[in-house]
Amino acid sequence: MKPPDLLISHVMMPGSTSGQELFDYARQRCPTFPIVLIYGYTDSVAADAQLLQKPFSLIELRNSIIQAMQTSKGALTNPAGETAHLAGT
């Protein structure tokens, strides 16, 4: 199974795990993994996360995804050495 290319999560999630905890877990496992965190209001979120505040447009979502993919070191190149492209870029 191919690993995911990107993680998008809301900071506030139901249950015992928060988006921040998911972010921290993903960063520990793969420091260069591109992550977008969505939030409505919060005082404390990961400093190195790509943040997207609600409400947002599809253009803003697209731009956040592009930014997360570009700022993750090596995230645009898969193990085969091919470059990933987002539609519309």
Side-chain angles (χ1 to χ4, degrees):
M1 176 161 66
K2 182 182 182 261
D5 294 322
L6 171 73
L7 171 65
I8 300 175
S9 177
H10 198 285
V11 173
M12 303 297 289
M13 298 191 318
S16 62
T17 302
S18 72
Q20 180 67 52
E21 290 169 330
L22 179 60
F23 173 88
D24 293 340
Y25 178 79
R27 275 290 183 254
Q28 288 173 359
R29 296 195 49 134
C30 184
T32 62
F33 192 69
I35 301 171
V36 175
L37 288 180
I38 298 170
Y39 69 101
Y41 60 91
T42 185
D43 293 333
S44 167
V45 292
D48 61 340
Q50 177 63 38
L51 301 174
L52 181 60
Q53 185 172 12
K54 296 187 312 185
F56 54 85
S57 68
L58 287 176
I59 298 294
E60 291 169 318
L61 174 60
R62 176 187 176 273
N63 291 342
S64 289
I65 291 170
I66 290 169
Q67 184 68 32
M69 298 290 285
Q70 289 176 342
T71 57
S72 290
K73 297 177 184 113
L76 289 177
T77 304
N78 66 27
E82 300 166 346
T83 301
H85 296 282
L86 294 173
T89 62

Q | Pairs satisfying salt bridge (Lys or Arg N to Asp or Glu O under 4.0 Å), at least one member in residues 25-41, at least two apart | A | Arg27-Asp48
Give, for atom [atom1] of [X] and atom [atom2] of [Y], the distance between the pair rounded to the nearest 0.5 Å.
X	Y	atom1	atom2	answer
Ile35	Ser9	CD1	OG	9.0 Å
Gln50	Met69	CD	CE	12.0 Å
Gln67	Leu52	CD	CG	12.0 Å
Leu37	Gln20	CG	CD	6.5 Å
Asp5	Phe33	CG	CZ	7.5 Å

For a quick test of your reading: what N or O donor-acceptor pairs under 3.5 Å do the side chains of residues 54-61 make, sequence neighbours left out?
| residue | atom | partner | partner atom | Å |
| --- | --- | --- | --- | --- |
| Lys54 | NZ | His10 | NE2 | 3.1 |
| Ser57 | OG | Ile59 | N | 3.4 |
| Ser57 | OG | Glu60 | N | 3.1 |
| Ser57 | OG | Glu60 | OE1 | 3.4 |
| Glu60 | OE1 | Ser57 | N | 2.7 |

Q) Have Gln28 and Asp24 got a donor and an acceptor in their side chains that come within less than 3.5 Å? A) no
Q: Check whether any side-chain N or O of Glu21 sits under 3.5 Å from a backbone N or O of Ser18 as a donor-acceptor pair, and report yes or no.
A: yes
Q | Verdict with reasoning, Val11 to Ile38, per side chain to side chain contact (heavy atoms under 4.5 Å, CB included) | A | CA-CA 6 Å; Val11 173; Ile38 298 170; over 6 Å; no
Q | Gln53: partners by side chain to side chain contact (heavy atoms under 4.5 Å, CB included), with sequence neighbours left out | A | Tyr39
Q: Go through the steps to decide whether Leu7 and Val36 satisfy the test side chain to side chain contact (heavy atoms under 4.5 Å, CB included), and finish with yes or no.
A: CA-CA 6 Å; Leu7 171 65; Val36 175; over 6 Å; no
